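Here's the structure, in structure tokens; my notes come after.
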Amino acid sequence: MAISRVKGTRDFSPEDMKKRRYVEGVMRSVFESYGYEEILTPTFEYLELFLKKSGEEVLKHAYIFKDKSGKDLILRPEVTTPVIRFYVSNLRNRPHPLRLYYITNCFRYEEPQAGRYREFWQAGVEIIGTNSPEAMAELIIMADDVLKRLNIKHYEIRIGNVEVLKNLLSDVDDRIRSKILRHIDKGEIEKLKEYDINYEKILSIITFSGGRNELEEIAGKDMLLLMDYLDDAGVRYKVDFSIVRGLDYYSGIVFEIHNNKLGAQKQICGGGVYSLGELFGFDIKACGFAFGLDRVILSAERENVLPEVSERRFMLFLFDKKYYKKALEILRIVRKYYKCEMEIMRKKIKKSLEYANSKGIDFFIIVGEEIEKGYITIKDLKRNVQEEVPIENFEEYIKNL
RNA sequence: GCCGGGGUAGGGUAGUGGUCAUCCUGCGGGACUGUGGAUCCCGCGAGCCGGGUUCAAAUCCCGGCCCCGGCCCCA
């Protein structure tokens with residue numbers, strides 16, 4: 001029995017990686033076009049970093065271990081907290097706002113399921129220095145932009161504010177409050193009656209469907225402003241105060257994006273205003289979001305919107321190793337413009353052509369005795385024609401293919 | 001952690017309590033010694049793991065592991 005993969009992890013084939021790199025590439029180019037810069041933090045951190053603010057749920061499912069010196073370490077279950085650590089220790093004297101992004105793997109020990117893995121990828125952004133409605137608008141517009149550029153259609157943006165419920169429950173014990181919030185998140189409205197709280201008020205908020213005035217009263221001006229910005233941007237969204245983010249550090253306006261083409265794990269993006277600064281003794285205004293990269297890829301697959309990217313590919317076949325040096329020269333020229341591989345299995349030309357054909361290679365370059373007269377044979381496998389090209393015209397010839 | 005459905009070569013599959021475990025595809029080679037996709041031939045490659053029942057288990061039973069989906073939770 002061969003050694004198998006660890007549960008909840010995946011191997012990615014060349015085909016998988018093409019899809020992943022494509023989706024990542026779209027995210028990267030959108031993020032960068034908004035002026036965000038890429039960073040990366042370590043795969044593991046001291047456990048301490050995540051103890052205070054990530055919340056029980058995240059820690060319960062974390063990979064926690066000791067290193068050889070007995071220090072408690074954790075594989076990052078999310079990236080926002082490490083980014084803030086990085087910020088506090090090294091980036092604080094940069095001009096604000098800081099716009100940062102990352103695309104990297106995270107780890108949680110949970111039961112694997114459709115769209116849920118123990119090693120998964122997050123593509124996230126953070127704005128440090130402000131949590132203004134303008135900043136939140138930028139985030140949501142940008143997230144929407146990414147999905148639009150990927151041609152994903154079946155998504156829904158929901159906007160809420162965790163402060164509203166937290167304020168309403170401010171005099172409730174911490175533990176009870178998180179229980180109540182969990183009921184709200186799950187839609188277990190009936191259970192709320194069991195608690196000593198303003199049931200009617202909470203119910204009216206989580207089932208909110210009123211107009212601007214009421215909304216302003218409940219959520220404040222910022223929420224209204226954000227909604228105006230999103231309207232101007234043509235971003236469609238729903239207001240939903242029952243959104244309770246799983247991470248405890250969220251502290252204001254939050255949003256989630258779901259794709260209803262997905263199974264049980266529908267959420268493809270989540271974010272909002274958070275307060276992590278107090279962890280380091282500062283008041284840092286910040287907000288951000290993260291895409292679940294795997295789920296976005298899954299969405300793109302389900303909606304069948306991944307483009308077929310075709311690129312010209314070459315292969316060089318060498319008849320005699322005495323022309324190896326010539327072949328290298330030719331390869332150097334071809335590789336300035338195209339992908340070109342070389343035959344290295346000592347195959348006969350027939351087998352080599354079979355290989356090239358089954359790999360979908362477009363042009364087959366043959367280096368044989370004609371090289372002595374200064375000619376290179378180029379065979380167009382798709383059109384089944386071949387030509388002998390003088391070596392001095394070779395570069396010009398392939399450039400114009 | 002819980003619930004449901006699964007697990008036979010790299011991928012897809014067939015079958016039976018008892019010959020050498022099918023077939024397709026794939027991969028390597030040959031027929032064809034410098035020209036592909038066809039054909040033919042040869043070769044490579046498998047019953048998740050452990051235990052039980054049995055003269056005999058890939059097949060039946062139990063446990064575990066893993067995969068798929070759902071709950072919980074999250075991305």
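Given the structure is predicted, the values throughout are model-derived calculations rather than measurements. Every chain is numbered from 1, with letters handed out A, B, ... down the list of sequences.
Annotation: B:G45 and B:G28 have their C1' atoms spaced 11 Å apart (nearest Å). As rounded to the nearest Å, B:U22 and B:A46 have C1' atoms that lie 12 Å from one another. When the P atom is used for both B:C68 and B:G12, the distance is 13 Å, rounded to whole Å.
Of the candidate nucleotides B:G36, B:C72, B:C67, B:C67 has the atom lying nearest to any side-chain atom of A:Lys7. Distances were taken from every side-chain heavy atom of A:Arg116 (C-beta onward) to each of B:C67, B:C73, B:G36; the shortest belongs to B:C73. Of the listed nucleotides (B:U35, B:C73, B:G69), B:G69 has the atom at the smallest distance from the side chain of A:Arg302. Nearest to the side chain of A:Ala114, among B:C32, B:G70, B:C73, sits B:G70. Checking B:G30, B:C32, B:C72 against the side-chain heavy atoms of A:Lys351 singles out B:G30 as nearest. Considering only side-chain atoms of A:Lys347, the nucleotide from B:U35, B:G28, B:A75 that sits closest is B:G28.
Within 3.5 Å, no donor on the side chain of A:Glu111 pairs with an acceptor on the base of B:G70, nor the reverse. Judged by distance alone with a 3.5 Å cut-off, a donor-acceptor contact links the side chain of A:Gln113 to the base of B:C72.
Listed for the A:His96 side chain is a donor-acceptor partner under 3.5 Å among the backbone atoms of A:Arg94. With A:Arg313 contributing its side chain and A:Lys359 its backbone, the two residues share a donor-acceptor pair below 3.5 Å.
Salt-bridge annotation for A:Glu78 and A:Arg108: absent, with no side-chain N of the basic residue lying under 4.0 Å from a carboxylate O of the acidic one.
Here A:Leu47 contributes atom CG and A:Phe65 contributes atom CZ; the two are 10.0 Å apart, rounded to the nearest 0.5 Å.
When the nearest nucleotides of RNA chain B are assigned to A:Met345 and A:Val6 by heavy-atom distance, the more 5′-ward of the two goes with A:Met345. Sequence order on RNA chain B of the closest nucleotides to A:Glu119 and A:Ile349 puts A:Ile349 first from the 5' end.
Using a 4.0 Å heavy-atom cutoff across all strands shown, A:Glu354 reaches sugar-phosphate atoms only and no base atom.
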